[in-house]
Participant: 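One structure coming up, written as structure tokens, with questions to follow.
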Amino acid sequence: MTADGPGFFERVRELVGTIPRGRVATYGQVAALLGVPRGARAVGWALRAFDEAAHARVPWHRVVGAGGRISLRGRPAGEEQVARLRREGVRFSGDRVDLARHGLFVSRS
DNA sequence: TTGCTGACTTGGC
DNA sequence: AGCCAAGCCAGCA
């Protein structure tokens, strides 16, 4: 039996979809929550592999690199990601997202 | 099965 | 601060 439950795509899509508005998670954190501590790269690959329809219903912009870095920097999508996050009220420290304020499990003061 | 790619991460220089 | 190399994971030829 090769079909063991949902594929990686659906798991990533489901988890990313639970990220509250105004908060962000890192690739490594998403991977860890999926039960794959070192699957950060796989998560990025999954998000990249989403269909256009999936992109529309999944808040992919709420997933950033370690330390709040924008991995998409240097690519057109990177600017869009930053714009979307700012629209949600996410603060930036230079070129990085303020994880201390918008982290997944960080309580805002 | 092997090898390559990629929206990653960490450590060293 | 920025660049390079190694490690890790999933999918595909």
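These figures come from a predicted structure and were not determined experimentally. In what follows, every chain begins at residue 1, and chains take the letters A, B, ... in the order their sequences are listed.
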Participant: Check the distance between C/dA10's P and A/E10's CD and give it to me in whole angstrom.
Facilitator: 16 Å
Participant: Grab the CG-C1' distance between A/L34 and B/dC8 for me, whole Å please.
Facilitator: 14 Å
Participant: C/dC12 C1' sits how many Å from A/F9 CZ, rounded?
Facilitator: 10 Å
Participant: Of the nucleotides C/dC9, B/dC8, C/dG11, which one has an atom closest to the side chain of A/A42?
Facilitator: C/dC9
Participant: Tell me whether the OP1 or OP2 atom of B/dA7 has a side-chain N or O from A/R41 closer than 4.0 Å.
Facilitator: no
Participant: Just the rounded figure in Å: distance from P of C/dA10 to CZ of A/F50.
Facilitator: 15 Å
Participant: Tell me if the centroids of the rings in A/W45 and A/F9 come within less than 6.0 Å of each other.
Facilitator: yes
Participant: Taking only the side-chain heavy atoms of A/A66 (C-beta and beyond), determine which of B/dT9, B/dA7, C/dA10 contains the nearest atom.
Facilitator: B/dT9
Participant: Are any of the side-chain nitrogens in A/E88 or A/R23 under 4.0 Å away from the carboxylate oxygens of its partner?
Facilitator: no
Participant: Whole Å only: how far is the CD atom of A/Q29 from the P atom of B/dT9?
Facilitator: 11 Å
Participant: Is a donor on one side and an acceptor on the other found under 3.5 Å between the side chain of A/H55 and the backbone of A/L47?
Facilitator: yes
Participant: Taking any heavy-atom pair under 4.0 Å as a contact, classify A/H61: base, sugar-phosphate, or nothing.
Facilitator: nothing
Participant: Given that both distances must come in under 3.5 Å, which nucleotide forms a Watson-Crick or G-U wobble pair with C/dC8?
Facilitator: none
Participant: When we call it a touch if two heavy atoms are under 4.0 Å apart, what does A/A40 touch: a base, just sugar-phosphate, or nothing?
Facilitator: sugar-phosphate
Participant: Of the nucleotides B/dT9, B/dA7, C/dG11, which has the atom closest to the A/W45 side chain?
Facilitator: C/dG11
Participant: Within this structure, what is the CD1-to-P distance between A/I19 and B/dA7, rounded to whole angstrom?
Facilitator: 18 Å
Participant: Rounded to whole Å, how long is the line connecting atom CZ of A/R13 with atom P of C/dA10?
Facilitator: 18 Å
Participant: What heavy-atom pair brings A/V106 and A/A100 nearest, and what distance separates the two atoms?
Facilitator: CG1-O, 2.8 Å
Participant: Determine the Euclidean distance between corresponding P atoms of B/dG12 and C/dC8; express it in Å to zero decimal places.
Facilitator: 16 Å
Participant: Quickly work out the A/L85 CG to B/dA7 P distance and round it to whole Å.
Facilitator: 18 Å
Participant: Would you compute the distance between atom CG of A/L85 and atom CZ of A/R21 and round it to the nearest 0.5 angstrom?
Facilitator: 10.5 Å
